[in-house]
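As a basis for the values below, the full set of heavy atoms in this structure was taken, side chains included, without hydrogen atoms, waters or symmetry mates. Computed from a predicted model, the values in this text were never measured in an experiment.
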Amino acid sequence: MAQTPQVAIVGAGIAGLVLGRCLLKHGIRAVLYERDALKPRYGYSITLQPAAYRQILPVLDLDERGFRQRVSVDGTAGGESTHGSSSFRATRLKLEELLREGLDIRWEHKLIEVDSASSPSGLAFENGSKATSQIIVGADGVHSQIRKTISPSTEFDILPYAVYNGKRRLSAATFQSKYASHFRESSVLTHKSRTGNKNTLLQISINELTQDKASLSYVFSRPALSNSGEDPLFRPTRPISGAQEIPDQLFNEITQLDSLPPALTEIFKPEAMKEDRLLNWLMRTLFVPEANLNAAAEKGIVLLGEAAHAGPLLGSEGANEAIEDAVALAGVIAQSKDLKEFYRETYAGWEKGVRDGRGRLDEMHRVAESSSL
């Protein structure tokens, strides 16, 4: 019988957590190392597709209804978010809380070095701790330290879109009085507007709705101006820390938008937005060459999710792809297969996912007519 491998997972987001739960179901204990501390933080909602989430229902010992009640945006309020199909909106934080149950997670472990020359490979963390593992999994997202180690020449492709995301918390009573009537058919509202030569996409989504409170997320997005060097809202070279720097031009453009539906008029008030948590999102895509992945796999190092392939934040299927990646990798590890088999199973789908995400982003901004409200 093959020896049960030792697995270290770097990153406790959806990809890492699903992998950890799947391995646990197979009787393989893994240790997860997460950079951040376990503490409340701003969350957002994601659309879960049945092809992805149904794969983990047996792992979680839940039926579909029980799963939706645990993670849907309005589950604790007695609702069941759907879009007229089997897909539904889930609160990411609820999903992560569910997936964390029973896992060994080492919080505040920021990875600073991967030693792939030793056998087994080693990890060194900023807090001074170290670890070795037969299998090291990079599930540490788009800024993956492990990816930078095994494929240092892989860079982001930043797409020409100006995108700003805001989050607002309010009481359930305020939500019911001002917004609830607009969310009867969907937990996401979309409006497209054209002012001058600018096509603007506005969205509001429910992050979480309980008996006491509500959390909303909203997006202002438009293609960058043709001369992007003169577009103050498109900042492709900004540092990561610059995401919280919001140009005044954003609020100037919002005041020029005409004939917004009531729900969006209420959300997109500059004076209210300035009190929210606002971030400048970059629409990045990323794809690691297969040769680099296979070379690292020979040393027991493997990437999944956005650490290996990432589409733009708008229009992508990142959460669903992370779930599917994790389930596939768990199967490869549990069956003691060559880690390169994981890429043989998934790589073509990754290429299609990145390509489709870019296409959906373009399509989201193509029509200037109002929709969904």
Legend entry - Chi angles and distances behind the salt bridge (charged side-chain N to carboxylate O under 4.0 Å, His left out) call for E97, K94: CA-CA 5 Å; E97 288 175 357; K94 290 182 181 179; over 6 Å; no
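- Inter-residue side-chain proximity for L32 and I105 is flagged as met; some heavy-atom pair is nearer than 4.5 Å.
- Not one N or O on the side chain of S151 forms a donor-acceptor pair closer than 3.5 Å with the backbone of R147.
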Legend entry - Trace of the salt bridge (charged side-chain N to carboxylate O under 4.0 Å, His left out) decision for R355 with E351: CA-CA 6 Å; R355 183 172 60 251; E351 288 182 307; over 6 Å; no
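- Applying the 6.0 Å contact sphere to CD of E271 captures more than 12 heavy atoms from other residues, nucleotides or ligands.
- Under the 4.5 Å side-chain heavy-atom criterion for grouping Ile, Leu, Val, Met, Phe, Trp and Tyr, V10 is not connected to I112 through any hydrophobic cluster.
- Atom NZ of K192 sits about 8.0 Å away from atom NE2 of H365, to the nearest 0.5 Å.
- Of all non-hydrogen atoms in A139 and L304, the two that sit nearest each other are CB-CD2, 3.6 Å.
- Between F88 and F67, the ring-plane angle classifies as perpendicular under the 30° and 60° cut-offs.
- N320 places a side-chain N or O within donor-acceptor distance of the main-chain N or O of T47, the cut-off being under 3.5 Å.
- A donor-acceptor pair under 3.5 Å is formed between the side chain of D63 and the backbone N or O of G66.
- Atom-to-atom distance recorded for F183:CZ and I204:CD1 is 5.0 Å, nearest 0.5 angstrom.
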Legend entry - Evaluation steps, side chain to side chain contact (heavy atoms under 4.5 Å, CB included), between I14 and E96: CA-CA 6 Å; I14 290 175; E96 291 182 352; 4.3 Å; yes
Inset, instruction - Could you please spell out the steps behind the salt bridge (charged side-chain N to carboxylate O under 4.0 Å, His left out) verdict for K110 and D140? - result: CA-CA 10 Å; K110 181 180 180 181; D140 44 346; over 6 Å; no
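- Nearest heavy atom pair, residue F234 against residue L159, reads CE1-O, 3.4 Å.
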Inset, instruction - Kindly indicate, with the supporting measurements, whether the criterion ring-ring contact (aromatic ring centres under 6.0 Å, His included) is fulfilled by F268 and F220. - result: CA-CA 9 Å; F268 289 97; F220 168 99; 7.3 Å; no
Inset, instruction - Give the intermediate values and the outcome of side chain to side chain contact (heavy atoms under 4.5 Å, CB included) for residues L279 and Q244. - result: CA-CA 5 Å; L279 295 174; Q244 299 182 56; 3.6 Å; yes
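- Going from atom OG1 of T174 over to atom CG of L216 covers 10.5 Å, rounded to the nearest 0.5 Å.
- For the residue pair S129 and N127, a side-chain donor N or O sits within less than 3.5 Å of a side-chain acceptor on the partner.
- The shortest side-chain heavy-atom distance between M283 and L313 falls under the 4.5 Å cut-off.
- Note: the hydrophobic cluster containing V332 does not contain V59 (ILVMFWY, side chain heavy atoms under 4.5 Å, direct or indirect links).
- Taking every heavy atom of both residues into account, V73 and S45 meet most closely at CG1-CB, 3.7 Å.
- Two residues are said to be in side-chain contact when any heavy atoms from C-beta on lie closer than 4.5 Å; Y218 and L202 fail this criterion.
- Within the 3.5 Å criterion, the main-chain N or O of K299 finds a donor-acceptor partner in the side chain of S121.
- Proximity of a side-chain donor or acceptor of R169 to a complementary backbone N or O of K213 within less than 3.5 Å is not detected.
- Heavy atoms only, all atoms of each residue included: L111 and A124 are closest at CD1-O, 3.4 Å.
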Inset, instruction - Walk me through it: do D362 and Y161 pass the test side-chain hydrogen bond (donor to acceptor under 3.5 Å, both in side chains)? - result: CA-CA 9 Å; D362 292 340; Y161 286 89; 2.6 Å; yes
Inset, instruction - For side chain to side chain contact (heavy atoms under 4.5 Å, CB included), just list the numbers for N292 and I150, CA-CA rounded to whole Å, side-chain angles, deciding distance to a tenth of an Å, and then say yes or no. - result: CA-CA 7 Å; N292 296 31; I150 70 172; 5.7 Å; no
Legend entry - Stepwise side chain to side chain contact (heavy atoms under 4.5 Å, CB included) check, V7 with L23: CA-CA 9 Å; V7 182; L23 291 175; 3.9 Å; yes
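- Salt-bridge formation is not detected for the pair K130/D115: no Lys NZ or Arg NE/NH1/NH2 atom is positioned less than 4.0 Å from an Asp or Glu carboxylate oxygen.
- In this structure V219 satisfies the side chain to side chain contact (heavy atoms under 4.5 Å, CB included) test together with V163, N165, Q203, S221, W281, L314, sequence neighbours excluded.
- Look at R168 and E266 and you find no salt bridge, because none of the NZ, NE, NH1 or NH2 atoms lies under 4.0 Å from a carboxylate O.
- Between atom CZ of residue R70 and atom CG of residue L62 there is a gap of 6.5 Å, rounded to the nearest 0.5 Å.
- Within a 6.0 Å radius of NZ in K198, more than 12 heavy atoms belonging to other residues, nucleotides or ligands are found.
- For E34 (side chain) and A12 (main-chain N/O), a donor-acceptor pair under 3.5 Å exists by modelled atom type.
- Looking at E108, its side chain never comes within 3.5 Å of a backbone N or O of A37 through a donor-acceptor pair.
- Here the CD atom belonging to E253 is positioned 4.0 Å from the CZ atom belonging to R222, to the nearest 0.5 angstrom.
- Contact of the L250 side chain with the N280 side chain is not registered, since no non-hydrogen atoms from C-beta on lie closer than 4.5 Å.
- In R284, the CZ atom is crowded: over 12 heavy atoms of neighbouring residues, nucleotides or ligands sit closer than 6.0 Å.
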Inset, instruction - Determine, step by step, whether E363 and R360 satisfy the salt bridge (charged side-chain N to carboxylate O under 4.0 Å, His left out) criterion, reporting the C-alpha distance in whole Å, the side-chain angles of both residues, the deciding distance to 0.1 Å, and the verdict. - result: CA-CA 5 Å; E363 182 63 29; R360 282 190 293 268; over 6 Å; no
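- The main-chain N or O of P247 is never found under 3.5 Å from a side-chain atom of R235 such that the two would form a donor-acceptor pair.
- S86 and R54 form a side-chain donor-acceptor contact under 3.5 Å, judged by distance and modelled atom types alone.
- The nearest pair of heavy atoms linking A263 to Y179 is O-CE2, 3.8 Å.
- Using cut-offs of 30° and 60° for the angle between ring planes, the F156 and H143 rings count as perpendicular.
- Of all heavy-atom pairs between A322 and A15, the closest is CB-CB, 3.9 Å.
- Side-chain contact between W350 and E290: absent, with no pair of heavy atoms (C-beta onward) separated by less than 4.5 Å.
- With contacts defined as side-chain heavy-atom distances shorter than 4.5 Å, the pair H182/P261 does not qualify.
- Looking only at side-chain heavy atoms (C-beta outward), H191 and L260 come within less than 4.5 Å of each other.
- Residues E245 and R238 are not in side-chain contact: their nearest non-hydrogen atoms beyond the backbone lie 4.5 Å or more apart.
- Between atom CD1 of residue I135 and atom CD1 of residue I333 there is a gap of 4.5 Å, rounded to the nearest 0.5 Å.
- Y44 places no side-chain N or O within donor-acceptor distance of the main-chain N or O of S217, the cut-off being under 3.5 Å.
- Residues passing the side chain to side chain contact (heavy atoms under 4.5 Å, CB included) test with A172: none are found, sequence neighbours excluded.
- For the pair R21 (side chain) and L98 (backbone), a donor-acceptor distance under 3.5 Å is present.
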